[in-house]
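The next block holds one structure in the form of structure tokens; read it before the comments.
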Amino acid sequence: MRIATWNVNSVTARLPRVLAWLESTGTDVLCIQETKTTAEQFPSEELRELGYESAVNATGRWNGVAVVSRVGLEDVVRGLPGGPEYEGVEEPRAVSATCGPVRVWSVYVPNGREVDHPHYAYKLQWFEALRAAVAEDAAGGRPFAVLGDYNVAPTDDDVFDRSLFEGSTHVTEAERAALAALRGTGLTDVVPRPLKYDHPFTYWDYRQLGFPKNRGMRIDLVYGNAPFSKAVTDAYVDRDERKGKGASDHAPVVVDLEV
DNA sequence: ATGCCGGCGAGGCGCCGA
């Protein structure tokens with residue numbers, strides 16, 4: 001079974017690539033972030049023609065997440081139970097579903113913007129709500145994983161140059177403590193293989209030759225519980241998908257499971 | 001070559017991303 005997570009930066013703009021990628025990789029379950037559509041505009045019909053069902057939580061221009069599966073899609077939950085609002089709005093940043101033997105969440109963690117910005121406090125609150133919401137499944141006996149764009153680099157090695165991130169979000173102690181608390185529920189970071197260079201970055205800024213210079217970050221993560229992690233046979237970053245015209249600024253993270 | 005930002009909704013540009 002092949003499960004992946006991919007921040008597509010607009011599923012509308014990325015649709016040809018997403019469809020071709022699903023076909024060429026034979027991915028069974030894809031967790032999507034930043035759909036940048038409403039649920040009505042999500043390309044459920046095009047995906048259905050390829051044999052995939054879609055669970056979507058999306059409201060328009062910003063954010064938006066989905067789980068796309070060709071191995072079943074049941075018990076869909078849209079949103080983060082107990083999650084905080086931002087400026088009075090409950091943003092579409094989480095959706096979960098059971099796909100065959102595995103339960104997955106697709107999450108798009110708030111960016112935080114700046115350390116002294118309200119969005120950063122919101123980010124930390126969001127993490128705490130996520131921890132509480134997944135604790136039971138994380139400790140359970142069924143393969144379970146939280147996949148998505150976490151907007152945190154777990155270690156200093158997960159950014160291309162730590163010195164450039166001094167005082168920035170994504171590398172702070174509080175954000176990493178939030179990740180550690182999430183792992184404390186029983187989840188493990190399933191670190192993918194890099195297909196080139198020595199570190200599995202998943203994101204490269206569009207600007208200033210970020211990708212050709214490999215000035216990347218590893219912020220798209222797969223956190224699996226013990227039954228999930230035990231079943232992993234391979235994991236890699238499909239950096240080829242970051243190449244060329246019409247690429248997202250994130251590459252897919254792919255996990256193969258023997259379940 | 002992987003090559004100098006892209007997407008969206010608004011509206012003739014600003015916001016957002018990390």
Side-chain angles (χ1 to χ4, degrees), chain A residues 5-18 20-21 32-43 58-66 86-87 89 91-93 107-124 126-127 148-176 178-179 194-221 236-253:
Chain A
T5 181
W6 191 6
N7 179 325
V8 297
N9 186 19
S10 170
V11 72
T12 307
R14 220 62 61 213
L15 186 59
R17 275 187 179 251
V18 170
W21 187 83
I32 296 175
Q33 299 86 38
E34 286 210 78
T35 63
K36 293 188 170 180
T37 61
T38 62
E40 292 71 28
Q41 294 164 331
F42 187 86
T59 56
R61 180 179 186 187
W62 304 114
N63 315 307
V65 289
Y86 188 70
E87 295 181 341
V89 177
E91 298 179 317
R93 294 180 175 277
V107 299
Y108 178 46
V109 177
N111 170 288
R113 300 185 188 164
E114 308 290 341
V115 171
D116 58 359
H117 194 285
H119 210 261
Y120 179 80
Y122 168 59
K123 181 179 193 173
L124 296 177
W126 204 92
F127 262 120
D149 180 351
Y150 281 67
N151 271 318
V152 180
T155 74
D156 286 351
D157 286 338
D158 293 313
V159 294
F160 64 92
D161 183 347
R162 176 62 180 81
S163 68
L164 297 179
F165 287 82
E166 205 52 53
S168 299
T169 60
H170 293 64
V171 298
T172 67
E173 287 306 313
E175 289 165 290
R176 288 176 176 167
L179 281 186
L195 295 188
K196 189 177 178 183
Y197 306 119
D198 59 357
H199 207 79
F201 296 141
T202 64
Y203 162 86
W204 300 262
D205 198 290
Y206 284 125
R207 291 163 285 192
Q208 300 175 301
L209 295 169
F211 184 59
K213 292 182 176 174
N214 198 33
R215 297 163 72 87
M217 303 172 73
R218 186 173 77 92
I219 53 175
D220 299 275
L221 310 176
Y236 66 93
V237 180
D238 191 354
R239 69 187 304 284
D240 285 347
E241 200 48 55
R242 180 62 178 78
K243 296 177 181 176
K245 189 172 165 61
S248 170
D249 42 2
H250 297 250
V253 177

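Below, chain A is the first sequence line, B the second, and so on; all start at residue 1. All values reported here derive from a predicted model rather than from experimental measurement. FYI, side chains are in, hydrogens and waters are out, and symmetry mates aren't considered; it's all heavy atoms of this structure.
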Report task. Looking only at side-chain atoms of A/Leu209, point me to the closest of B/dA18, B/dG3, B/dC8. Result -> B/dG3
Query raised in the report: Within the structure shown, what part of the strands sits under 4.0 Å from A/Arg14 by heavy-atom distance: base, sugar-phosphate, or nothing?
Result: sugar-phosphate
Report task. Would you name the heavy atoms of A/Arg239 and A/Ala251 that are closest together and state the gap between them? Result -> CA-CB, 4.1 Å
Query raised in the report: Is there a donor N/O on one and an acceptor N/O on the other, under 3.5 Å, for the side chain of A/Asn111 and the base of B/dA18?
Result: yes
Report summary line: Symbol by symbol from the 5' end, with Watson-Crick or G-U pairs under 3.5 Å, [ ] crossing and | another strand, DNA chain B is ....(((((...))))).
Query raised in the report: What integer number of Å spans the P atoms of B/dC4 and B/dC15?
Result: 26 Å
Requested in this report: Report yes if some heavy atom in the side chain of A/Val8 is under 4.5 Å from a heavy atom in the side chain of A/Gln33; otherwise report no.
Outcome: no
Query - Rounded C1' spacing from B/dA1 to B/dG12 in Å - result: 36 Å
Requested in this report: Quote, to the nearest angstrom, the P distance that separates B/dC16 from B/dG11.
Outcome: 15 Å
Query - P-based separation of B/dG17 from B/dG3 [nearest Å] - result: 25 Å
Between protein and nucleotides 10-16 of chain B, what N or O pairs are separated by less than 3.5 Å?
| residue | atom | partner | partner atom | Å |
| --- | --- | --- | --- | --- |
| B/dG14 | N2 | A/Arg61 | NH2 | 2.1 |

Query - Test: A/Arg176 and A/Asp156 ion pair at under 4.0 Å - result: yes
Report task. Report yes if at least one side-chain N or O of A/Tyr150 is closer than 4.0 Å to OP1 or OP2 of B/dA18; otherwise report no. Result -> no
Requested in this report: Say whether, by atom type as modelled, one donor and one acceptor occur between the side chain of A/Lys123 and the main chain of A/Arg113 under 3.5 angstrom.
Outcome: no
Requested in this report: May I ask you to check whether A/Glu34 and A/Asn9 show a side-chain donor-acceptor distance below 3.5 Å?
Outcome: no
Report summary line: Quick note, A/Thr12 side chain, CB onward, closest among B/dA18, B/dC8, B/dG17 is B/dC8
Report task. Hey, can you tell me if A/Phe211 and A/Trp204 have their rings parallel, tilted or perpendicular (30° and 60° cut-offs)? Result -> perpendicular
Query raised in the report: Any idea how A/His119 and A/Tyr86 line up, ring-wise: parallel (<30°), tilted (30 to 60°), or perpendicular (>60°)?
Result: perpendicular
**Report entry** Distance-minimising heavy-atom pair for A/Ala153 and A/Ile219
**Finding:** N-CG2, 3.9 Å
**Report entry** Aromatic plane relationship, A/Phe201 with A/His199 - under 30° parallel, 30 to 60° tilted, over 60° perpendicular
**Finding:** tilted
Report task. Under 4.0 Å between any heavy atoms, over every strand shown, what does A/Asp149 touch: base, sugar-phosphate, or nothing? Just pick one. Result -> sugar-phosphate
Requested in this report: Look at the side chain of A/Tyr206 and decide which nucleotide, out of B/dC8, B/dC5, B/dA18, has an atom nearest to it.
Outcome: B/dC5
